[in-house]
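For this chain, numbers begin at 1 and follow the sequence in order. What's counted below: heavy atoms across the whole structure, side chains too, no hydrogens, waters or symmetry copies.
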Amino acid sequence: MKFCLRTYGCQMNVRDSEAVEALMIAAGHEKVASEDEAELVIVNSCTVRQKAEDKAVGKMGYLCSTGKMTGLMGCAVKRLGRDVFKVLPKLDFAVGPRAFGLIPKIVASNPHGVLELGDDLIPEGMGAHEVKGFQTFVTVLIGCDNRCSYCIVPDVRGHEYSRPEVEIEAEVRSLVDHGVKEVCLLGQSVLRYGAREGKADAFPHLLERLCAIEGLERIRFTSAHPKGCTDELIRVYRTYPQICRHLHLPVQSGSDRILKEMGRRYTRAEYLAAVAKLREFDPEFAITTDIIVGYPGETEADFELTRSLMEEAGFDNSFVFKYSPRPGTRSAMLPDDVAKEEKERRDQVLLADQEARGLRRNQALVGTVREVLAEGPSKRNPARYAGRDSGNRIVVWEGARPVGSKVQVRITEAHAQILIGEAI
Ligand code: 5AD
Ligand code: SF4
């Protein structure tokens, strides 16, 4: 069949979609770019906030009216369960986030109303790839055993499962043989790799193992938790320059009271100590974060603590989310008592702060030389070329370079989200 896949949500979903595409191609189906041309359309859904779920389900609803075969995968399926067919009566099949490996078999059965939730299944086909460029995601840890009060992820993605080191290493070696130079290792809380099995520092050791692979130029990973920022992790950073100097370290709030309510298992001081450790190792180390504004009971004073923490941490970038109660989570039992307009205001304040801080941090890099892997023409200005430095900062310069090649760029101009320079 001619099929296409539309993806909503996080990197985990992007990776799962890639695996499904590779599995479908291996089963003899043909991937097409446009929905019009497709005989089968699959939507990979997110449910982390209600708005995210509505977008994916809305898209599927429209596609269900076109008479094509339709399938919904991902987190919203697990949350909705059987009710998914009440919301989308014409949907042909639905698979949860750990059951995507079953899609080729389901498609072959000419499905109507097929549901596979997957629960704590170890997904088949997690390692399937259709190598497209020099960068790719690799799943190392699925599920989440943290129980943050607001988060639906553990309910929908299930218990943690760390893939065996040998399996990950073999996958990365094969990717490198096919031209991959940069991998991003994925886990909901990736530094917890091996934790369920009681292994200490299993993640830094996995990194070391991957650093021995010839031709692998960069390793990234996401997302991190301050508890995982151990001395062993720093030692591995120090030893291997191919490990990128960037960490996405969601903090969520700067107020100890709110952090405790959220069940984040660190205080403001502990979080800032992790940041200090990384910046002591490398002052240019890039740190990005996620923030939730308008958590139940968040006062103006709590919010101001978040503002000041963001300034103290000197985040290079941040993603701000308005609190959205998710059914079944602990915080959904609390009144969602911060008004919509107030959430919006707090969001805007943090956005403006970040814009100024991002600019300031980038300005400090003017005159430095960034090592960049060329990704292709810049989206905003196709006359320019773009790539990323080790800190995941977007760098653009004049003049084409082969995609995937290393370019040294001297920075001449800084913006909040982008660095401009001359290739040398
Ligand atoms: N409401 C708002 N934001 C949320 N996030 C997770 N759950 C919720 C929720 N219920 C945010 C967190 C997380 C990011 C992926 O989404 O900031 O880090
Ligand atoms: Fe897991 Fe907590 Fe991240 Fe949610 S916020 S995905 S529970 S670590």
Side-chain angles (χ1 to χ4, degrees), residues 11 133-138 140 172 175-176 180-186 190-191 203-204 206-224 228-229 233-249 274-289 313-318 357-376 378 385-397 401-424:
Q11 284 112 324
F134 70 92
Q135 301 164 306
T136 193
F137 291 122
V138 171
V140 301
V172 175
L175 288 166
V176 171
V180 167
K181 294 182 176 174
E182 177 177 323
V183 294
C184 179
L185 310 178
L186 293 181
V190 75
L191 302 180
F203 188 73
L206 173 69
L207 285 177
E208 267 197 303
R209 198 163 167 157
L210 300 180
C211 283
I213 299 175
E214 194 95 17
L216 181 61
E217 303 208 9
R218 279 181 172 177
I219 304 178
R220 302 186 183 279
F221 47 92
T222 200
S223 289
C229 298
L233 182 71
I234 303 285
R235 182 190 68 76
V236 171
Y237 265 124
R238 210 182 289 283
T239 315
Y240 301 97
Q242 63 269 54
I243 305 176
C244 290
R245 278 30 178 167
H246 166 234
L247 212 50
H248 186 61
L249 198 60
V275 168
K277 206 164 162 179
L278 294 163
R279 292 259 171 78
E280 190 188 320
F281 153 63
D282 178 355
E284 287 181 358
F285 199 102
I287 302 175
T288 57
T289 205
F315 291 125
D316 295 271
N317 205 354
S318 54
R357 181 170 46 241
L359 178 62
R360 221 179 332 108
R361 287 196 60 82
N362 278 345
Q363 275 167 345
L365 299 174
V366 171
T368 65
V369 174
R370 318 306 301 168
E371 184 173 274
V372 170
L373 289 185
E375 290 181 12
S378 155
Y385 245 59
R388 281 168 199 270
D389 76 351
S390 173
N392 212 29
R393 303 175 185 95
I394 298 170
V395 177
V396 305
W397 65 92
R401 290 294 169 101
V403 169
S405 66
K406 252 186 207 162
V407 189
Q408 307 293 332
V409 182
R410 189 184 307 282
I411 304 305
T412 53
E413 195 182 322
H415 299 265
Q417 304 273 354
I418 200 167
L419 294 166
I420 298 172
E422 294 159 352
I424 51 177

(request) Please lay out, stage by stage, how Glu217 and Phe134 fare under the test side-chain contact (heavy atoms from CB on, under 4.5 Å). (result) CA-CA 10 Å; Glu217 303 208 9; Phe134 70 92; over 6 Å; no

(request) Check the pair Ile234 / Lys277 against side-chain contact (heavy atoms from CB on, under 4.5 Å), numbers first and verdict last. (result) CA-CA 8 Å; Ile234 303 285; Lys277 206 164 162 179; 4.1 Å; yes

(message) Please determine whether side-chain contact (heavy atoms from CB on, under 4.5 Å) holds for the pair Ile424 and Val409, giving the CA-CA distance in whole Å, both sets of side-chain angles, and the decisive distance to 0.1 Å.
(response) CA-CA 6 Å; Ile424 51 177; Val409 182; over 6 Å; no

(request) Give the C-alpha distance, both sets of side-chain angles, the deciding distance and a yes or no for side chain to side chain donor-acceptor pair (under 3.5 Å) between Arg220 and Thr222. (result) CA-CA 7 Å; Arg220 302 186 183 279; Thr222 200; over 6 Å; no

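Within the 3.5 Å criterion, the main-chain N or O of Ile420 finds a donor-acceptor partner in the side chain of Thr412. The backbone N or O of Ala414 sits nowhere less than 3.5 Å from a side-chain atom of Asn362 that would complete a donor-acceptor pair. When atom types are taken as modelled, the side chain of Asp316 and the backbone of Ile287 share a donor-acceptor pair closer than 3.5 angstrom. Between the side chain of Arg279 and the main chain of Gly314, a donor-acceptor pair closer than 3.5 Å is present.
Nearest heavy-atom pair, Val407 versus Ala374, reported as atom, atom and distance to 0.1 Å: CG2-CB, 4.2 Å. Of all non-hydrogen atoms in Arg370 and Leu365, the two that sit nearest each other are NH1-CD2, 3.7 Å. A pairwise comparison of heavy atoms in Leu278 and Cys229 identifies CD1-SG, 4.4 Å as the closest pair. Shown here for Ala423 and Trp397, the closest heavy-atom pair between the two residues is CB-CD1, 3.8 Å. Smallest separation of non-hydrogen atoms from Leu233 and Phe203: CD1-CD2, 4.5 Å. In terms of heavy atoms, Val275 sits closest to Ala313 at CG1-O, 3.8 Å.
With contacts defined as side-chain heavy-atom distances shorter than 4.5 Å, the pair Val138/Leu175 qualifies. Residues Lys181 and Leu216 form no side-chain contact, since every pair of their non-hydrogen atoms from C-beta on lies 4.5 Å or further apart. Between Leu185 and Leu210 there is a side-chain heavy-atom pair separated by less than 4.5 Å. For the pair Ile219 and Leu207, the minimum side-chain heavy-atom distance is below 4.5 Å. Phe137 is not listed as a side-chain neighbour of Val183, based on a closest heavy-atom distance of 4.5 Å or more. Within the 4.5 Å cutoff, the side chain of Gln408 has heavy atoms near those of the Glu371 side chain. Contact annotation: the side chain of Ile243 approaches that of Phe221 to within less than 4.5 Å [non-hydrogen atoms, C-beta and beyond].
Atoms CD and CZ, on Glu375 and Arg388 in that order, are 5.5 Å from each other to the nearest 0.5 Å. Note that CZ of Arg393 is 9.5 Å distant from CD1 of Ile411, once rounded to the nearest 0.5 Å. Interatomic distance, CG of Leu419 versus CD of Glu413, reported as 10.0 Å (0.5 Å rounding). Note: Cys244 SG to Tyr237 OH = 8.5 Å, rounded to the nearest 0.5 Å. How far CG of Asp389 is from CG of Leu373: 10.0 Å, rounded to the nearest 0.5 Å. Within the model, atoms CG of Leu359 and CZ of Arg361 stand 12.0 Å from one another, a figure rounded to the nearest 0.5 Å.
Of the listed residues (Thr288, Thr289, Asn392, Asn317), just one forms a side-chain hydrogen bond (donor to acceptor under 3.5 Å, both in side chains) with His248, and that residue is Thr288.
Few gaps surround CZ on Arg235; more than 12 heavy atoms of other groups in view lie less than 6.0 Å from it.
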